[in-house]
2 protein chains.
Amino acid sequence: MHSFTEENYLKAIYKLQEANGLVVATSALAQVLEVHAPSVTDMLKRMAGKKLVTYQKSKGVKLTEKGRQVAVGIIRNHRLWEVFLVDKLGYKWDEVHDLAEQLEHIHSEDLTNKLDMFLGFPKADPHGDPIPDANGVLPKSKAVLLSTFAEGDQGTFTGVTDHSATFLNYLDKTGFSLGDPIKVKGIEEYDQTYTLQLKGKKEVVVSFKVANSLLLSY
Amino acid sequence: MHSFTEENYLKAIYKLQEANGLVVATSALAQVLEVHAPSVTDMLKRMAGKKLVTYQKSKGVKLTEKGRQVAVGIIRNHRLWEVFLVDKLGYKWDEVHDLAEQLEHIHSEDLTNKLDMFLGFPKADPHGDPIPDANGVLPKSKAVLLSTFAEGDQGTFTGVTDHSATFLNYLDKTGFSLGDPIKVKGIEEYDQTYTLQLKGKKEVVVSFKVANSLLLSY
DNA sequence: AAAATAAATTAGATTAACCTAATTAATCAA
DNA sequence: TTGATTAATTAGGTTAATCTAATTTATTTT
């Protein structure tokens, strides 16, 4: 199989490719993986040799179909284990990331599928991120940022784009909970502050930064 | 933390120390870890530097207290995950070893303890091996080999000393099940063949080799 | 388009974990 | 107790994954 390191590179490339376009820069990878650029160059060469990525020197990397399959498999593992940790073991949504980073590297498709069944085939992880199916198909989410909403708009809180424990704790404390309805009562023009009505008529005021990290569906 | 390799060495040393006495030979480790002797010498030096083992050249190794703690922790993990796989995911007892070998290296005491609670604080894994508690205390089993029984003796089947899938399958097929009562109806003097009465009056004949791999309590 | 800046690569080392071949140390048998 | 056998270690190498320093390639800016 692939080493943990390779798998982490694949995951990182996948995520950067999703977020910022087709090819991923060496420096971007170095940053998210917390290694130095020459290490990345080195690794990319080895991975290109294994046909996990296509790499042209000084031109960035892309995943091959094979690489994409592996990456999505790891993401599937990660998200299923997060569901397990929260639903079965009682962890909170801000505590599961590091553990899932370890568990995602357990190599067994069969285990993944049995876990999936045990958890009742969840469609999203505790942060609302969609779980790829056994064929590596990731449901295309149509959720949209709260920051794109206008006054009077409403939707259901279905995900976050900031997964940091600090942000998740802030949401807990403020009364946000995945699956709840949210309505925009007002937007302050001066500083883009949002006044929201949460479940149970509770009104809260949040900054643009927060509105820009919340995903809503309708 | 410690590398997977280190952890596997610690586990192996622990098991060999339990089975065969105080000090463990380089060659014995090389055999169970499936590496060559010089690799073991190499590794033992590094581990001695970390105070995980005491090592005197050409005199074998012993775990330090620190090393023993780590080893028992890994065994705790391993056995709890085995229970999870069998009780929660529906694996059979002959299928879980390799998966547990991966899962045992997940580093989180908290996860281990939450898993323990989720599983209802099991005292033994699916093969009857005792699970160390959170303090690294391993209950001293008083189970004894069926091969030490005389005609007429009886007990409860509580463990195995051979964990191979082949043997476990044989037991399934023949009608042995952990926790069931077993009575010795007769022992053939010529070849030490045992005639046993299993649960539900079922009579089976087993070889000495089998009798020597079954642990019974009374 | 040349110069300046930023990004990426090459060169050369390091560490953990392994290997083979050669040597030394320990044990057993005559 | 010497000689033979077996076990363990040393010596010297390899590979994956990392590093720093130096160099080359790309991209901006003037």
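If you're wondering where the values come from, they're calculated on a predicted model, not measured in any experiment. Chain A is the first sequence line, chain B the second, and so forth, proteins listed ahead of strands; every chain is numbered from 1.
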Side-chain N,O (K57(B)) to OP1/OP2 (dA26(C)) below 4.0 Å = no

request  = Remember a base hit wins even if backbone is also touched, and classify F4(B) as base, sugar-phosphate or nothing at under 4.0 Å, heavy atoms.
outcome  = nothing

query = Hey, does T5(A) reach any base, or is it just sugar-phosphate, or nothing, if we go heavy atoms under 4.0 Å?
reply = sugar-phosphate

Nearest-neighbour nucleotide for the T41(B) side chain, dA16(D), dA17(C), dA8(D) considered = dA8(D)

request  = Report yes if a side-chain nitrogen or oxygen of Y9(A) is closer than 4.0 Å to either non-bridging phosphate oxygen (OP1 or OP2) of dT18(D); otherwise report no.
outcome  = yes

ask   = For the side chain of A25(A), counting heavy atoms from C-beta on, which of dT10(D), dA8(C), dT10(C) is nearest?
value = dA8(C)

key: Greater than 12 external heavy atoms within 6.0 Å of E189(A)'s CD   = no

task = Could you check how far NE2 of H36(B) sits from P of dT6(D), rounded to whole Å?
result = 18 Å

query = Under the salt bridge (charged side-chain N to carboxylate O under 4.0 Å, His left out) criterion, do E109(A) and R76(A) qualify, and how do the steps go?
reply = CA-CA 10 Å; E109(A) 261 190 58; R76(A) 174 166 156 81; over 6 Å; no

inquiry  = Please confirm whether the shortest side-chain N or O distance from K45(A) to OP1 or OP2 of dT10(C) is below 4.0 Å.
reply    = yes

inquiry  = Starting the side chain at C-beta, find the nucleotide from dT9(D), dA21(D), dA17(D) nearest to M43(A).
reply    = dA17(D)

query = If you measure from the Lys or Arg side-chain nitrogens to the Asp or Glu carboxylate oxygens, is any gap between R68(A) and E65(A) under 4.0 Å?
reply = yes

inquiry  = Would you say S39(A) places a side-chain N or O within less than 4.0 Å of OP1 or OP2 belonging to dC19(D)?
reply    = yes

query = Taking only N and O in the side chain of S27(B), is any of them less than 4.0 Å away from OP1 or OP2 of dT6(D)?
reply = no

Nearest to side-chain heavy atoms of T26(B), which nucleotide of dA17(D), dC18(C), dA8(D) = dA8(D)

Please table the atom pairs, donor to acceptor, closer than 3.5 Å between any side-chain atom in residues 23-43 of chain A and protein atoms at least two apart or in another chain.
from   : atom 1 : to     : atom 2 : distance (Å)
S39(A) : OG     : H36(A) : O      : 3.3
T41(A) : OG1    : A37(A) : O      : 3.4
D42(A) : OD2    : R46(A) : NH2    : 3.2

ask   = Can you find a side chain N or O atom of S58(B) that sits less than 4.0 Å from OP1 or OP2 on dT24(C)?
value = no

